[in-house]
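Note sheet for the following structure.
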Amino acid sequence: MNTFRTLALIAAITLCTLALAGCSSSPSASNFQTAIQHRFDTHDPKCMFYSNYPKPGHDTAFDFMAMDEVSQALAHAGLFATTVYKVLPPEKASFLSSAQPAKTLYNYALTPMGKRYYSVKNKCFGFKREVVAITNYAKEDSSNYEVDFTYKYIVPAWAKQPGVVNVVSQIPIFLSYKEYLKSGGKPIKKKAAMTLTHNGWRAVFMDF
């Protein structure tokens, strides 16, 4: 009797497992959205502002590609605490360069809020992305689909401050931030190629 119950339980578990596998492998908007969101979650934070983080006391401490104005904007937004490193005297004009005013160099230390958004691994400030909707999908073969979807950035309030927007939007290399600004906070349209694996659908981005 116990053996019969054990076998019945194993059979029930097997059927449940197969049912779940079948659900996760079906070509549906829900499964595609889950797969794309999983891709986002495992690859995010999406880098917005790249930076090196030298030791304090270096004259390029937390230097954004030698763009101190970016560092200052993020400091005013609350991501850095600043201390004066040194003040460079004004430079007279020469044959090779024009006159330069005095310049103050700063050290930048992450504040608690800065640590929350700074990725040490990626050396950047990054934000999460969230899939909004699957708008269309087309079958290529039984294991491959082309999917149209929309997503949005989950952007904190400090990244929307005028001081940050005005400075960072002028820097060509910050492409993700420019994409966010261009969207105006509305969902962004993208395409993805979906491939069916033994673990369900996997998202391979095409124009991302």
Side-chain angles (χ1 to χ4, degrees), residues 4-51 64-65 70 116-161 164-165 168-208:
F4 177 77
R5 288 181 178 178
T6 300
L7 291 174
L9 179 61
I10 293 173
I13 293 173
T14 301
L15 288 174
C16 289
T17 302
L18 290 174
L20 290 173
C23 290
S24 64
S25 63
S26 61
S28 66
S30 176
N31 285 334
F32 292 150
Q33 181 164 341
T34 298
I36 295 171
Q37 188 62 55
H38 175 72
R39 169 96 179 194
F40 281 162
D41 292 343
T42 54
H43 285 71
D44 283 351
K46 178 72 170 176
C47 284
M48 289 283 190
F49 315 127
Y50 293 90
S51 168
F64 284 82
M65 309 295 185
V70 177
R116 178 181 175 187
Y117 292 99
Y118 186 71
S119 170
V120 176
K121 178 181 178 182
N122 298 326
K123 295 184 177 178
C124 72
F125 287 95
F127 308 138
K128 292 287 187 178
R129 293 166 292 177
E130 182 179 274
V131 179
V132 176
I134 303 298
T135 56
N136 189 46
Y137 53 91
K139 181 177 180 180
E140 295 183 347
D141 56 50
S142 59
S143 299
N144 293 280
Y145 277 73
E146 181 178 289
V147 176
D148 296 308
F149 70 100
T150 58
Y151 75 98
K152 63 180 180 180
Y153 286 100
I154 307 302
V155 178
W158 62 261
K160 303 175 185 178
Q161 293 183 17
V164 175
V165 174
V168 180
S169 61
Q170 304 303 315
I171 311 300
I173 63 170
F174 298 141
L175 299 179
S176 296
Y177 189 67
K178 284 179 171 290
E179 181 182 55
Y180 158 70
L181 292 177
K182 185 178 179 180
S183 74
K186 297 179 180 179
I188 300 167
K189 297 178 181 179
K190 290 292 180 180
K191 288 182 179 292
M194 309 299 299
T195 298
L196 183 60
T197 71
H198 293 295
N199 296 317
W201 290 97
R202 181 170 63 91
V204 182
F205 294 107
M206 300 169 60
D207 64 343
F208 195 72

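The analysis underlying the following values was restricted to heavy atoms, covering all of them including side chains, and did not include hydrogens, waters or symmetry mates.
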Fill in the blank from the handout: salt bridge (Lys or Arg N to Asp or Glu O under 4.0 Å) filter on K178, not counting sequence neighbours, yields none
Exercise for the section: Name all residues meeting the side chain to side chain donor-acceptor pair (under 3.5 Å) criterion together with S119; count only those two or more places apart in sequence or in a different chain, and write none if there are none. Expected result: N122
Completion exercise
When rounded to the nearest 0.5 Å, the distance separating CG of N199 from OG of S25 is 11.5 Å
Exercise for the section: Any chance you could lay out the side-chain contact (heavy atoms from CB on, under 4.5 Å) test for M194 and I36, step after step, and finish with the verdict? Expected result: CA-CA 9 Å; M194 309 299 299; I36 295 171; 4.1 Å; yes
Problem - Q37: side-chain contact (heavy atoms from CB on, under 4.5 Å) partners, not counting sequence neighbours - result: F40, D41, E130, V131
Practice task
Check A35 against A203 and note the closest heavy-atom contact, atom names and distance.
Solution key: O-CB, 4.1 Å
Practice task
Mind telling me whether Y145 and F32 have parallel, tilted or perpendicular rings, with 30° and 60° as the class edges?
Solution key: tilted
Problem - Pairwise side-chain contact, V165 with Y177, heavy-atom cut-off 4.5 Å (strictly under) - result: yes
Completion exercise
With sequence neighbours left out, the residues meeting side-chain contact (heavy atoms from CB on, under 4.5 Å) with R202 are T197, V204
Problem - Residues forming a side chain to side chain donor-acceptor pair (under 3.5 Å) with T195, sequence neighbours excluded - result: N144
Completion exercise
Across all chains, not counting sequence neighbours, the side-chain contact (heavy atoms from CB on, under 4.5 Å) partners of N136 are D148
Exercise for the section: Calculate, to the nearest 0.5 Å, the distance between atoms CD and NZ belonging to E146 and K191 respectively. Expected result: 4.5 Å
Problem - Smallest separation among heavy atoms of S26 and N31, with atom names - result: O-ND2, 2.9 Å
Handout entry: Qualifying residues under side-chain contact (heavy atoms from CB on, under 4.5 Å), relative to I188, sequence neighbours excluded
Key = Y151, Y153, E179, S183, K190
Problem - Residue pair W201 / Q33, side-chain heavy-atom distance below 4.5 Å - result: no
Practice task
To the nearest 0.5 Å, tell me how far S28 OG sits from I134 CD1.
Solution key: 9.0 Å
Practice task
Check whether any side-chain heavy atom of I154 sits under 4.5 Å from a side-chain heavy atom of K152, and report yes or no.
Solution key: yes
Practice task
Would you name the heavy atoms of A159 and V164 that are closest together and state the gap between them?
Solution key: O-CG1, 4.1 Å
Practice task
Could I get the full list of ring pair (Phe, Tyr, Trp, His ring centres under 6.0 Å) partners for Y117, not counting sequence neighbours?
Solution key: W158
